[in-house]
There are 2 protein chains.
Amino acid sequence: MNIGRAAELSGVPSKTIRYYESVGLLPPTGRAANGYRDFTAQDVDILRFISRGRGLGFSVEQVNELLSLYRDRERACSDVKRIAVSRLADIERKMQELASMRDALQTLAQQCPGDARPECPILADFMDPVHGPGKA
Amino acid sequence: MNIGRAAELSGVPSKTIRYYESVGLLPPTGRAANGYRDFTAQDVDILRFISRGRGLGFSVEQVNELLSLYRDRERACSDVKRIAVSRLADIERKMQELASMRDALQTLAQQCPGDARPECPILADFMDPVHGPGKA
DNA sequence: ACTAGGCTTACCAGCCGCTGGAAGGTCAAG
DNA sequence: CTTGACCTTCCAGCGGCTGGTAAGCCTAGT
């Protein structure tokens with residue numbers, strides 16, 4: 001099948017499919033006589049695998065590792081879990097970062113009347129955070 | 001003062017300071033006779049403002065808006081609040097996105113024994129998420 | 001047979017927010 | 001006078017695409 005159909009079936013845009021191929025994430029597909037890429041159902045499966053991994057926030061490099069593990073009949077489940085757990089830790093870290101940003105911003109926003117007056121506690125804090133709600 | 005000192009006082013690396021200047025976030029500083037940038041205490045204040053804004057996750061463009069509002073004596077507090085509230089919404093959205101990733105991954109990780117066996121529910125889900133813990 | 005349009009190809013450029021490195025000028029201390 | 005730390009500019013690259021260009025191909029309708 002052509003790239004457009006593969007895109008449709010996998011949910012990955014054609015451009016992105018070519019990109020994945022170019023960075024070695026998707027192995028080069030076969031080519032039809034006219035030079036068009038020719039995708040098999042298995043290629044589409046791989047694309048879906050990639051899409052799922054990316055959707056869970058794994059980096060392209062990590063998805064590559066996971067794909068290698070998938071292809072490796074001798075792989076140990078623990079290797080997969082290690083990557084997943086490391087990703088979980090990433091997520092937790094980012095969530096905490098966001099939470100502290102949110103808390104600081106919420107405090108500031110609450111102090112801000114949000115009317116037409118020019119005095120703004122948010123800007124005041126930005127210029128001199130010493131007395132503000134703390135670090136973000 | 002030189003850029004190194006300004007970096008030290010503001011916590012923003014020299015390279016980044018030059019970058020901020022190049023994209024119009026920090027107005028061009030004065031120059032000493034030797035061509036070196038010459039920072040005033042006010043320049044450092046602006047750098048800290050930028051740093052605080054970036055630390056709260058505002059984009060460079062948003063920080064630019066906030067800086068413009070700061071400089072504008074006639075600004076309305078509501079304009080500032082609008083930007084802050086929009087950033088808060090961004091944060092909430094990202095946190096939810098991360099939370100759903102975390103939930104899906106945690107479910108998968110729990111199902112994964114993490115031992116030396118090759119059968120891995122995580123990889124199985126990646127290849128065929130239909131029966132898995134759902135979308136991320 | 002011809003044309004219109006939609007698909008495909010490859011390539012280069014740009015997005016964001018830096019960060020690293022090269023190649024050179026300047027300055028203070030030894 | 002040299003060393004080393006600082007400063008200058010500019011160009012390139014990170015990740016992960018995405019857009020645009022120019023060209024080739026393929027199919028349906030006239």
Side-chain angles (χ1 to χ4, degrees), chain A residues 1-26 28-40 43-44 46-47 49-67 86-87 90-91 94 97 101 136, chain B residues 1-26 28-40 43-44 46-47 49-67 86-87 90-91 94 97 101 136:
Chain A
M1 77 188 79
N2 283 348
I3 197 170
R5 182 84 181 117
E8 207 178 332
L9 291 180
S10 66
V12 180
S14 310
K15 275 236 140 178
T16 307
I17 295 178
R18 289 192 200 101
Y19 168 74
Y20 285 158
E21 193 198 78
S22 81
V23 297
L25 192 43
L26 178 72
T29 62
R31 294 283 179 151
N34 56 13
Y36 287 14
R37 284 175 187 78
D38 189 17
F39 292 77
T40 64
D43 290 327
V44 173
I46 294 178
L47 282 172
F49 185 107
I50 295 171
S51 182
R52 174 99 171 112
R54 297 284 304 127
L56 287 172
F58 290 96
S59 71
V60 162
E61 188 45 44
Q62 283 174 324
V63 172
N64 217 344
E65 286 181 60
L66 290 170
L67 262 176
S86 130
R87 171 71 193 134
D90 268 8
I91 291 173
K94 268 193 188 123
E97 208 178 310
M101 287 182 190
Chain B
M1 76 187 81
N2 284 347
I3 198 171
R5 182 82 181 122
E8 205 179 333
L9 291 180
S10 66
V12 180
S14 310
K15 276 238 140 181
T16 307
I17 295 177
R18 289 193 200 99
Y19 168 73
Y20 285 158
E21 194 199 76
S22 81
V23 296
L25 193 43
L26 178 71
T29 62
R31 294 283 179 150
N34 55 15
Y36 287 15
R37 282 175 188 79
D38 189 18
F39 292 76
T40 64
D43 291 327
V44 173
I46 294 177
L47 282 171
F49 185 108
I50 295 170
S51 181
R52 175 100 171 113
R54 297 285 304 127
L56 287 172
F58 290 96
S59 72
V60 162
E61 189 44 45
Q62 283 173 323
V63 172
N64 218 343
E65 287 181 59
L66 291 170
L67 262 176
S86 131
R87 171 70 193 134
D90 270 8
I91 291 174
K94 271 196 184 121
E97 207 179 311
M101 288 182 190

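By convention in this document, chain letters (A, B, ...) are assigned in the order of the sequence lines, proteins followed by strands, and residues within each chain are numbered from 1.
- Nearest-nucleotide positions on DNA chain C for B:Ala33 and B:Arg54 put B:Arg54 closer to the 5' end.
- A donor-acceptor pair under 3.5 Å is formed between the side chain of B:Arg87 and the backbone N or O of B:Leu56.
- The side chain of A:Tyr20 contributes no N or O atom lying less than 4.0 Å from OP1 or OP2 of D:dG16.
- As judged by a 4.0 angstrom heavy-atom cut-off over every strand, A:Arg37 is placed among residues touching the sugar-phosphate backbone only.
- In terms of the ring pair (Phe, Tyr, Trp, His ring centres under 6.0 Å) criterion, B:Phe39 has no residue partners (sequence neighbours excluded).
- Between the CG atom of A:Asn64 and the P atom of D:dG15 there is a distance of 12 Å, given to the nearest Å.
- B:Ser59 is linked by a side chain to side chain donor-acceptor pair (under 3.5 Å) to nothing, counting only residues two or more places apart in sequence or in another chain.
- Taking every heavy atom of residues 2-13 of chain B and every atom of DNA chain C, no pair lies under 4.0 Å.
- The side chain of B:Arg18 lies closest to D:dT9 when the candidates are C:dT8, D:dC17, D:dT9.
- Residue A:Tyr19 contributes atom OH, which lies 17 Å from atom P of C:dA10 at whole-angstrom precision.
- No side-chain donor-acceptor contact under 3.5 Å links A:Asn2 to the backbone of A:Gly4.
- The CD-P distance, from B:Gln62 to C:dC16, rounds to 12 Å in whole Å.
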Contact list (N/O, under 3.5 angstrom) for nucleotides 20-22 of chain C vs protein:
residue : atom : partner : partner atom : Å
C:dG20  : N7   : B:Lys15 : NZ           : 2.8
C:dG20  : O6   : B:Lys15 : NZ           : 2.9
C:dG21  : N7   : B:Lys15 : NZ           : 3.4
C:dG21  : O6   : B:Lys15 : NZ           : 2.1

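- A:Asp90 is linked by a side chain to side chain donor-acceptor pair (under 3.5 Å) to A:Arg93, counting only residues two or more places apart in sequence or in another chain.
- The distance between atom CZ of B:Phe58 and atom C1' of C:dC18, rounded to the nearest whole Å, is 20 Å.
- Straight-line distance from the CD atom of A:Glu21 to the C1' atom of D:dG16: 16 Å, rounded to whole Å.
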So which protein nitrogen or oxygen atoms get under 3.5 Å of nucleotides 22-25 of chain D's nitrogens or oxygens?
residue : atom : partner : partner atom : Å
D:dG24  : N2   : A:Tyr36 : OH           : 2.8

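- With D:dT18, C:dG17, D:dT8 as the candidates, the nucleotide lying closest to the side chain of B:Val60 is C:dG17.
- A pairwise comparison of heavy atoms in B:Ile91 and A:Met101 identifies CD1-CB, 3.8 Å as the closest pair.
- For the pair A:Met1 CE and C:dC7 P, the computed distance is 16 Å after rounding to whole Å.
- Residue B:Thr16 places at least one side-chain N or O closer than 4.0 Å to OP1 or OP2 of C:dT19.
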